[in-house]
Amino acid sequence: MDPAEVEFLAENQMVSIVPNFNFERIYLISGDVGPFRAGLPVQVPIWMATNLRQRQKCRIIAPDWMNTEKLEQVKEEESQSRFFTKMPSEHYMVEGHLLLGAASEDIPHADEIRTILKDIWDMRMSKLRSSVDAFIKIGGTHAKLDHLTAMEINSIRPLLPHALDELYKLQKIVRIISI
Amino acid sequence: MENADDVALSDEEPITAQKVLQTLQEVWLNEKFSPELLQHQSDLVDCILDQMQQMEENLQKLKKNDFRVVIHRMELDRIRYIVTDYLRIRLNKIETYVIHVLEQDVSRSTEDAFLSPPELKFAKEFLAHMEDHFRLIALRHMPSNVQDFDKAKMVVIPNISSHVFLRAKQSITGVVIEGDVENREEEVDLEENSQHIMQYKPIADYLKTGAVQLI
């Protein structure tokens, strides 16, 4: 899958915004949003939030987890654990990227958050690489991937399933020969 | 004027449409990641296309600079992407596995057919054109004993042993995974909401009943 498609999926996540206009409820096919009251927070999908923000029609409120304190804690847990820890959002990296990209002035300590997110991502990717390596070496055929987020799974998609397919083919041949 | 539009827009039954859209998104991802062609979901697709059509009509009635127009258009574009990508993936698979999918559907009743009627027509035409093409370009110039267009020799079968990522939507016990290096069979239980990588074959049936979602 193209990373842009993972982003596309993440854009369906809801985020709070503070609009600077008044408008009644909008009936979208994917569900209702609004009503919009200037100055009052309201939940909208990210794709809508970034569009409204670009048109200077709202301010984006950072999700609960998107602050330095919480993320430092997540980072600490991730570094202490041998396994993957549960991320505060299924799309933490994409959400961070989209919201900080569209509205870095709205989110306090945007640059620090960006750095911590990148650190968490790097840590998890290196864990992922070493576990894939270990998994292939023991000749595994099934693995549990709990707490891996969509973008992380997508990053190993071109390689891991394909490698396992090839190994399976080789094993089948070995079995036929040894019979 | 404004009020009349609102009534028209709220007639969409947002809860149902929302559910349909959500299901379509799951169906789209399953089709995208499964090695074989899955059963067609024309009802879902038609339902969403109806919704979109209705929305387009409602948008026509709004003034060009109405605040809602941009938002609704964006949403329509997003849904249109899912629908077209879904149908495109299916066409791709139909082209690749044309002989196989046609053979499989012969043994199924109309209600259980994997191909929708238009897809069936497409598949048949595609195969006929392929045969015509081979005949015209090459076969008729061959010695008479190798002029046959032998479908059986050209079948491409999807690799259902390939590995996929999945999420269990409910708990499933006793999924049997084919032998590893030492040829040992392994049985695994999938907890609700857990994520896995494994071969497609053992979970293919669960995918069809909706117990797992490919990711």
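Below, chain A is the first sequence line, B the second, and so on; all start at residue 1. None of the values given here were measured: they were computed from a predicted structure.
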When heavy-atom pairs shorter than 4.5 Å are enumerated against chain A, which of [options] gives the highest number?
| options | result |
| --- | --- |
| H196(B), Q199(B), R78(B) | R78(B) |
| R167(B), M74(B), M198(B) | M74(B) |
| V164(B), I48(B), V70(B) | V70(B) |
| M52(B), Q22(B), Q25(B) | Q25(B) |

Should we say atom [atom1] of [X] is surrounded by more than 12 heavy atoms from elsewhere, each under 6.0 Å from it?
| X | atom1 | value |
| --- | --- | --- |
| K32(B) | NZ | yes |
| K86(A) | NZ | no |
| H97(A) | NE2 | no |

Contact class of E191(B) relative to chain A, heavy atoms under 4.5 angstrom: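 Side chain only.
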Between L21(B) and chain A, which part of the residue has a heavy atom less than 4.5 Å away: side chain, backbone, both or neither?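 Just the side chain, heavy atoms under 4.5 Å.
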Spacing of [atom1] belonging to [X] relative to [atom2] belonging to [Y], to within rounding of 0.5 Å:
| X | Y | atom1 | atom2 | result |
| --- | --- | --- | --- | --- |
| K169(A) | N159(B) | NZ | CG | 6.5 Å |
| F165(B) | L160(A) | CZ | CG | 5.0 Å |
| H142(A) | E187(B) | NE2 | CD | 12.0 Å |
| R157(A) | I197(B) | CZ | CD1 | 9.0 Å |

Begin from the C-alpha positions of L29(B) and L9(A) and carry the test side-chain contact (heavy atoms from CB on, under 4.5 Å) through to its verdict. CA-CA 10 Å; L29(B) 293 175; L9(A) 292 174; 4.1 Å; yes
Proximity breakdown for [X] and chain B, heavy-atom pairs closer than 4.5 Å:
| X | value |
| --- | --- |
| N154(A) | neither |
| L164(A) | both |
| A150(A) | neither |
| E166(A) | neither |

At under 4.5 Å between heavy atoms, what parts of residues 80-97 of chain B are in contact with chain A? List them by residue number.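 Residues in range: Y81(B), I82(B), D85(B).
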Anything in residues 46-82 of chain A with a heavy-atom distance to chain B below 4.5 Å? Please list those residues in order.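 Contacts with chain B: W47(A), M48(A), N51(A), L52(A), R55(A), K57(A).
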Can you name the nearest heavy-atom pair linking Q195(B) to H147(A), along with the distance?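 That closest heavy-atom pairing would be NE2-N, 3.9 Å.
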Nearest heavy-atom pair of S194(B) and D146(A): which atoms, and what distance?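 Heavy atoms only, the tightest pair is CA-OD1, 3.3 Å.
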Evaluate the ring planes of W28(B) and F8(A), with Trp represented by its six-membered ring, and classify them as parallel (under 30°), tilted (30 to 60°) or perpendicular (over 60°).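 Perpendicular: the ring planes of W28(B) and F8(A) meet at over 60°.
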Which of parallel (below 30°), tilted (30 to 60°) and perpendicular (above 60°) describes H163(B) and Y168(A)?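 H163(B) and Y168(A): perpendicular rings.
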Would H72(B) and L28(A) count as a side-chain contact (heavy atoms from CB on, under 4.5 Å) if you check the C-alpha gap in whole Å, the side-chain angles of each, and the deciding distance to 0.1 Å? CA-CA 7 Å; H72(B) 281 301; L28(A) 293 174; 3.7 Å; yes
Does the side chain of S30(A) pick up a donor-acceptor pair with the side chain of E75(B) at under 3.5 Å?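 Yes, a side-chain donor-acceptor pair sits under 3.5 Å.
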